[in-house]
Amino acid sequence: MPGGEAVSSVVDVGTEQRIEIPARVGALPPFTGPPSGKDPFPWSPDPRTGPPVSNARLGMLIFLAFEGMFFAGLIGAFLVYRLGSQFWPPVGQPRLPILVTWANTAILLFSSYTMRGALRAMRMGDRDGLTTGLSWTALLGTTFLIVQGSEWLRLIRHGLTLSAGIYGATFYTVIGCHGLHVLGAVIWLLIARLGSSDKRFSARRQVVVELCGMYWYFVVALWPVLFALVYLS
C-alpha cells in the first residue's frame with residue numbers, strides 16, 4: 001500500500017471511531033466572565049454611591065471654619081490688649097458679673113442637650129419630640145440673650161460703654177458678636193420649629209434642622225471659651 005493511502009486510511013478510521021460527548025451532560029455551563037462594568041460577585045454588598053459628606057454639610061463645615069477664624073481674630077485682639085494692660089479692668093471701670101454669667105452659661109450649655117434630643121427625635125421620625133426639642137432650645141437661647149442683655153444695661157448704667165476705653169470696646173465687641181450669632185441661631189431654630197410642625201416634613205427640611213443643629217453646637221461650644229477669657233481672666 002502506498003504511503004499516502006495508508007495515512008488516509010488511518011485518518012478515516014479515527015474519524016469513524018470519534019466519540020462526541022454532549023456539552024451539557026453533567027457539566028456546568030461554561031463561564032464567560034462578567035460583562036464589562038458589572039460586579040463579578042453579585043452577592044457582595046453594593047458600594048456606597050453617595051459622597052461621605054453631603055454638599056450641605058460640607059458647606060456648613062466650611063462656613064463654621066470661617067466663623068472660627070473670625071472669632072480667633074477677635075480673641076487674638078482681646079489678648080493683645082489684655083496682656084498689654086497693667087490693670088484689668090482699668091481703674092474706675094466696673095467688674096463684670098460673674099455669678100449671673102455662670103448661671104447663664106449653664107442655661108446655654110443645657111440647650112445643647114435639648115438640641116441633641118431634637119435631632120435624635122428627627123432621626124427616629126418622632127415629629128412631636130422634634131418640635132418639643134426645638135422649642136426648648138429656642139426658649140433657652142432666648143433666656144440666655146435676655147439675661148445677657150439685662151446685664152449689659154446694668155453695666156452701661158455703671159459707666160461701661162463702648163466709648164469708655166479699650167476695656168469696654170473689647171468687651172462689647174467680642175461678647176456682642178457672639179450674642180448676634182446666638183440671636184441668628186435662635187431665629188433659625190424658630191423657623192425650623194415652624195417647619196417641623198408641618199405634616200409633610202420633607203427630607204430637605206430635615207437637612208435644614210440638621211444644619212441648624214451644627215450651627216447651634218458651634219455657638220454653644222464657643223461661649224465657654226469667651227467666658228473664660230473675658231469674664232474670668
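Predicted model, so just to flag it, every value in this text is computed and none were measured.
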Indicate, with yes or no, if [Y] and [X] share a hydrophobic cluster defined by side-chain heavy-atom contacts under 4.5 Å among Ile, Leu, Val, Met, Phe, Trp and Tyr.
X	Y	result
Val182	Val225	yes
Leu180	Ile187	no
Met214	Leu183	yes
Leu64	Leu189	yes
Phe71	Tyr231	yes

Next on the checklist: With side-chain contact (heavy atoms from CB on, under 4.5 Å) as the criterion, how do Val208 and Trp188 come out once you've worked through the C-alpha distance, each side chain's angles and the decisive distance to 0.1 Å?
Outcome noted: CA-CA 9 Å; Val208 170; Trp188 193 349; 3.5 Å; yes
Would the distance check show the side chain of [X] and the main-chain N or O of [Y] forming a donor-acceptor pair, the cut-off being under 3.5 Å?
X	Y	value
Thr161	Ile156	no
Tyr172	Leu160	yes
His178	Val219	yes

Quick one: are the ring centres of [X] and [Y] less than 6.0 Å apart?
X	Y	value
Trp102	Phe227	yes
Trp88	Tyr81	no
Phe110	Tyr113	yes
Phe218	His181	no

Quick check for you: to the nearest 0.5 Å, what is the distance between [X] atom [atom1] and [Y] atom [atom2]?
X	Y	atom1	atom2	result
Cys212	Leu134	SG	CG	7.0 Å
Leu232	Leu96	CG	CG	9.5 Å
Ile166	Thr173	CD1	OG1	9.0 Å
Leu108	Leu145	CG	CG	8.5 Å
Gln206	Leu119	CD	CG	11.0 Å
Ile107	Thr142	CD1	OG1	11.0 Å

Return yes when atom [atom1] of [X] has more than 12 non-hydrogen atoms of other residues, nucleotides or ligands closer than 6.0 Å, and no otherwise.
X	atom1	answer
Trp152	CH2	yes
Arg116	CZ	no
Met124	CE	no

Next on the checklist: Which residue is it: Val207, Asn55, Leu211? I am looking for the one with a side chain to side chain contact (heavy atoms under 4.5 Å, CB included) to Met60.
Outcome noted: Leu211
Please report the shortest heavy-atom distance between [X] and [Y], naming the atom on each side.
X	Y	answer
Gln148	Trp223	NE2-CH2, 3.3 Å
Pro224	Ala221	CD-O, 3.3 Å
Phe78	Leu229	CE2-O, 3.4 Å
Thr143	Asn104	O-OD1, 4.1 Å
Cys177	Phe70	SG-CZ, 4.1 Å
Gln93	Gly159	OE1-O, 3.9 Å

Item to check | Residue pair Ser135 / Thr114, side-chain heavy-atom distance below 4.5 Å | outcome: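 Answer no - side chains too far apart.
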Checklist entry - Below 4.5 Å, heavy atoms only, C-beta onward: do Arg127 and Met122 meet side chain to side chain? => result no
Checklist entry - Does the side-chain contact (heavy atoms from CB on, under 4.5 Å) test come out yes or no for Phe144 and Ser111, once each step is laid out? => result CA-CA 10 Å; Phe144 174 82; Ser111 69; over 6 Å; no
Item to check | Intermediate values then yes/no, side-chain hydrogen bond (donor to acceptor under 3.5 Å, both in side chains), Ser112 and Trp216 | outcome: CA-CA 7 Å; Ser112 64; Trp216 187 258; over 6 Å; no
Item to check | side-chain contact (heavy atoms from CB on, under 4.5 Å) between Ile75 and Leu226, intermediate numbers included | outcome: CA-CA 8 Å; Ile75 292 172; Leu226 300 181; 3.8 Å; yes
